[in-house]
Amino acid sequence: MMGRRTEASVALRHSDTDDRPPGVANPLPSPMSATLTHASDCSATDLAAAGISVRFQGLAAISEVDLTVRRGEVLGLIGPNGAGKTTLVNCLTGHQRPSEGRILLGQMDITGWSPQKFRRAGVARTFQSGRLFKDMTVLENVETTAVGLGRSRRAAAREAMDALDWLGVADSAERLAGVLPYTDERRVAIARALVVPPEYLLLDEPAAGMSDSECDELLGFVNEIPGRYGCGVLLIEHNMRVVMNSCSRIVVLDGGRRIAEGTPEAVQKEPGVISAYLGEG
Ligand SMILES: Nc1ncnc2c1ncn2[C@@H]1O[C@H](COP(=O)(O)OP(=O)(O)OP(=O)(O)O)[C@@H](O)[C@H]1O
């Protein structure tokens, strides 16, 4: 995982359009400037955190954070290690109950729902660790999710193969998930999250530990998800080159607080962001 200074140096050097790598699609048109968004501004279908705080035995992991994910966008969530990114995603997917604040799906308050209920409502995620069932085949891993979401076995098998095929891992369908190479494991985890198409997909460092080319290839798929599946994507990613190329909008956390939000160009010029990454006061 990259440290503060390394991430910053990449972020601050980067120009958002000029050196886009092969395989990484053009970013979506930017829907907003660097203005802040609050849950009360969100549309009927947005997924939003409204004033979310989480405390662990007195430690404030995140404090009064607002964030809105919209259908059709790739929203980047960045911040130094320990900034609260995973905790926020856990709240947005039902894996962590906030100490304060609300999670909204459109106008519906879904705070406190179970992760299964979030998924049935259309909010899917992947984890930093793949969390595949290692003694099941790749196909069974994806198929089981679809059956759990109400698909017949036949429809589940078909949709699972479609998702695996699109992500380039259909050849591994009958292999045990436990023997997959790391990059394929990540792709299968995304296939599982997409199998009954969600309205929102939250990806927690999907390319962590990959080489630059593996990372670009995977993020090429991520960029296509909104167009192909019609959903909104929230992407936690430490590789700033990838974030700046992939995301139409970025939210920055530091010390559990949201310190900036806006387009990649706007965010990387924010003094608070530069300071957070450089550790300057
Ligand atoms: N279950 C927990 N119990 C106690 N403290 C926790 C727990 N989960 C997270 N924390 C703390 O909350 C803070 C935010 O952690 P979190 O994992 O959300 O940050 P992050 O931005 O995702 O970090 P990283 O980039 O390293 O994955 C950290 O100080 C972390 O140690």
Side-chain angles (χ1 to χ4, degrees), residues 1-12 14 47-69 74-103 111-112 114-115 118 123-131 182 185-186 189-190 193 200-210 215 218-219 222 233-244 246-247 249-261 264 267-268 270 272-279:
M1 205 166 282
M2 298 174 85
R4 282 176 166 240
R5 286 174 190 281
T6 313
E7 288 176 64
S9 59
V10 176
L12 297 173
H14 180 73
L47 174 66
I52 290 294
S53 299
V54 174
R55 286 182 290 278
F56 295 113
Q57 291 95 38
L59 169 90
I62 50 176
S63 305
E64 298 172 4
V65 172
D66 291 321
L67 174 145
T68 301
V69 195
V74 179
L75 171 68
L77 179 60
I78 67 170
N81 296 138
K85 304 178 295 295
T86 296
T87 303
L88 180 56
V89 163
N90 287 344
C91 290
L92 284 163
T93 54
H95 291 82
Q96 174 67 51
R97 192 181 179 109
S99 311
E100 283 156 26
R102 292 178 305 152
I103 304 298
T111 320
S114 67
F118 268 74
V123 181
R125 74 171 295 175
T126 63
F127 295 87
Q128 281 185 23
S129 56
R131 290 210 188 180
Y182 182 71
E185 188 186 332
R186 290 296 165 119
I190 294 174
Y200 295 96
L201 174 61
L202 289 77
L203 300 168
D204 195 347
E205 294 190 49
M210 292 186 184
C215 180
L218 186 81
L219 271 300
V222 171
V233 175
L234 183 149
L235 173 67
I236 298 181
E237 177 54 59
H238 274 288
N239 184 327
M240 289 301 129
R241 179 180 57 82
V242 166
V243 172
M244 295 294 163
S246 296
C247 301
R249 207 159 57 91
I250 294 174
V251 169
V252 189
L253 295 182
D254 186 33
R257 294 192 175 271
R258 189 181 69 173
I259 60 165
E261 175 178 349
V267 155
Q268 64 187 330
E270 287 266 339
V273 176
I274 295 167
S275 169
Y277 276 96
L278 291 174

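Every number for a ligand or one of its atoms is a count from 1 in the order of the listing. The shown structure was predicted, so the numbers you read here are calculated from the model rather than taken from an experiment.
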Query raised in the report: Is there a donor-acceptor contact under 3.5 Å from the side chain of Thr68 to the main chain of Ala48?
Result: no
Query raised in the report: Any donor and acceptor pair, going by atom type alone, linking the side chain of Lys85 with main-chain N or O of Leu253 inside 3.5 Å?
Result: no
[atom1] of [X] to [atom2] of [Y]: how many Å apart, nearest 0.5 Å?
| X | Y | atom1 | atom2 | answer |
| --- | --- | --- | --- | --- |
| Thr126 | Ile190 | OG1 | CD1 | 6.0 Å |
| Leu202 | Leu75 | CG | CG | 9.0 Å |
| Leu77 | Glu237 | CG | CD | 11.5 Å |

If we only count N/O pairs under 3.5 Å, is [X] in contact with ligand 1?
| X | value |
| --- | --- |
| Thr87 | yes |
| Phe56 | no |
| Ala61 | no |

Report summary line: With heavy atoms and a 4.0 Å threshold, my read on which part of Leu59 contacts ligand 1 is side chain
Please tabulate, for side-chain N and O atoms in residues 54-62, each donor-acceptor pair with protein atoms closer than 3.5 Å (sequence neighbours left out).
residue, atom, partner, partner atom, Å
Arg55, NH1, Glu100, OE2, 3.4
Arg55, NH2, Glu100, OE2, 3.0

**Report entry** Heavy-atom nearest option to atom 19 (O) of ligand 1, drawn from Gly84, Cys91, Ala60, Gly58
**Finding:** Gly84
Show the atoms of ligand 1 that are less than 4.0 angstrom away from any heavy atom in [X].
| X | answer |
| --- | --- |
| His238 | 25 (O) |
| Gln128 | 27 (O) |
| Ala83 | 19 (O), 20 (P), 21 (O) |

Report task. Report yes or no: does Gly79 have a heavy atom closer than 4.0 Å to ligand 1? Result -> no
Query - Non-neighbouring partners of Arg131 that pass side chain to side chain contact (heavy atoms under 4.5 Å, CB included), sequence neighbours left out - result: Phe127, Ser129, Arg192
